[in-house]
Amino acid sequence: MPIQQLQSHLFNGVYADVLRIDTIHPIISGNKWFKLKYYIEDCKQQQRKTIATFGGTYSNHIVATAFACKEAGLNSIGIIRGETIKFLSHTLQDAANYGMKLQYVTRDLFKNKQAIQQHFDNNIYWINEGGYGIKGMKGAADIVALSATEKYTHIIAACGTGTMLAGLITTAKPHQNIIGISVFKNNHSLETDIKSLLKTVHCSKPFSVNHHYHFGGYAKHPKELIYWMNELYSAEKLPTDIVYTAKLLFAVKDLCNNHYFNKQDKLLIIHSGGLQGNLSLPLHTLSF
Ligand SMILES: *Cc1c(COP(=O)(O)O)cnc(C)c1O
């Protein structure tokens, strides 16, 4: 997987590389391919024919699951939060095009996953919202296992459910610090959710999560964030997505400029993908 070294003044002279896993696949962009692969394998092994999972209107996980199921010859069902909307988001439109059956549930019902599952066939293979779970963690562990990453002192990644971060923590070397940047506002259970995954593989490596860079909440993209995405692209030719990686790179820039890192530190920033999410923006919002 390509590694891009950041060159510009934006990062205050701190050595920072970006692992471009966004480039591995145009649709199952980035971490979703890693997070899904062991679920798909398990589903096939159990000889089940249909995968169902949960997500919101802009969920990368939904569209990635739809595509991965199509590729694997499996049926897919997406349980979508919120009543049917007149116009499908780009994300849901794509998922539907890959053959996913979309079923809308109220926000209240969406919180009660068990009640939803009762209405479906017993043979369905369920994946948690966002791919949270042990198999997702194990898949994400392969992200850094596939590249030479020993030289880095810090590995930094965006967090939704924290599944990817858990995977990164399990493969990190003892000298490496793992930092997650949460894109949710007030996700107080994130650290606990990560720790409960780690516990299943007896991993007690410390990590930290920063909750200060959500820009107002999940998928919120105020003008400053759009400005930053264009500034970053023009300085580094690095495209980012509004939900995860733009906030991640902003956080790294801000921490660099606040002397959070030492000059001898070497950062590895995980570009986890998600660029398809930018298609929901009005045309010409972004310069890339
Ligand atoms: C889903 C996603 C994440 C978050 O992954 P988690 O394992 O849920 O923390 C990060 N970046 C991108 C681009 C994603 O699509």
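Counting convention: from 1, in listed order, for ligands and their atoms alike. Heavy atoms only: backbone and side chains are in, while hydrogens, waters and symmetry mates are out.
Residue Ser272 places at least one N or O, backbone or side chain, under 3.5 Å from an N or O of ligand 1. By the 3.5 Å distance cut-off applied to N or O atoms, Asn60 is counted among the residues near ligand 1. The shortest N or O to N or O distance between Met164 and ligand 1 is under 3.5 Å.
Short contacts between ligand 1 and Lys32, defined as distances under 4.0 Å to a heavy atom of the residue, involve ligand atoms 1 (C), 2 (C), 3 (C), 14 (C), 15 (O). Counting atoms of ligand 1 from 1 in the listed order, those under 4.0 Å from a heavy atom of Thr163 are 6 (P), 7 (O), 9 (O). Near Cys159, meaning under 4.0 Å from one of its heavy atoms, ligand 1 places the atoms 9 (O). Listed by number with element, the atoms of ligand 1 under 4.0 angstrom from any heavy atom of Gly274 are 13 (C). For ligand 1, the atoms sitting less than 4.0 Å from at least one non-hydrogen atom of Gly273 are 13 (C), numbered in the order shown with element in parentheses.
For the pair Lys266 and Tyr15, the cation sits on the ring face: its NZ or CZ lies under 6.0 Å from the ring centre, inside 45° of the axis. At least one test fails for Arg48 against the ring of Tyr125: distance under 6.0 Å to the centre or angle within 45° of the axis.
Judged purely by atom type and a 3.5 angstrom limit, His175 uses its side chain to pair as donor or acceptor with the backbone of Glu150.
The closest heavy-atom contact to atom 4 (C) of ligand 1, among the options Ala166, Gly160, Gly162, comes from Gly160.
Under the 4.0 angstrom criterion for non-hydrogen atoms, Asn31 is in contact with ligand 1. Using a 4.0 Å heavy-atom cutoff, Lys35 is listed among the residues neighbouring ligand 1.
Residues Leu268 and Ile270 have side chains in contact (heavy-atom distance under 4.5 Å, counting atoms from C-beta outward).
Side chains of Tyr38 and Asp142: a donor-acceptor N/O pair is present below 3.5 angstrom, by distance only.
For the side chain to side chain contact (heavy atoms under 4.5 Å, CB included) criterion with Leu19, the lone passing option out of Ile21, Thr23, Asp22 is Ile21. Of the listed residues (Tyr213, Tyr218, Tyr244), just one forms a ring-ring contact (aromatic ring centres under 6.0 Å, His included) with Phe184, and that residue is Tyr218.
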- Query: Stepwise, does the side chain to side chain donor-acceptor pair (under 3.5 Å) test hold for Tyr132 with Asp193?
  - Reply: CA-CA 9 Å; Tyr132 176 81; Asp193 294 344; 4.6 Å; no

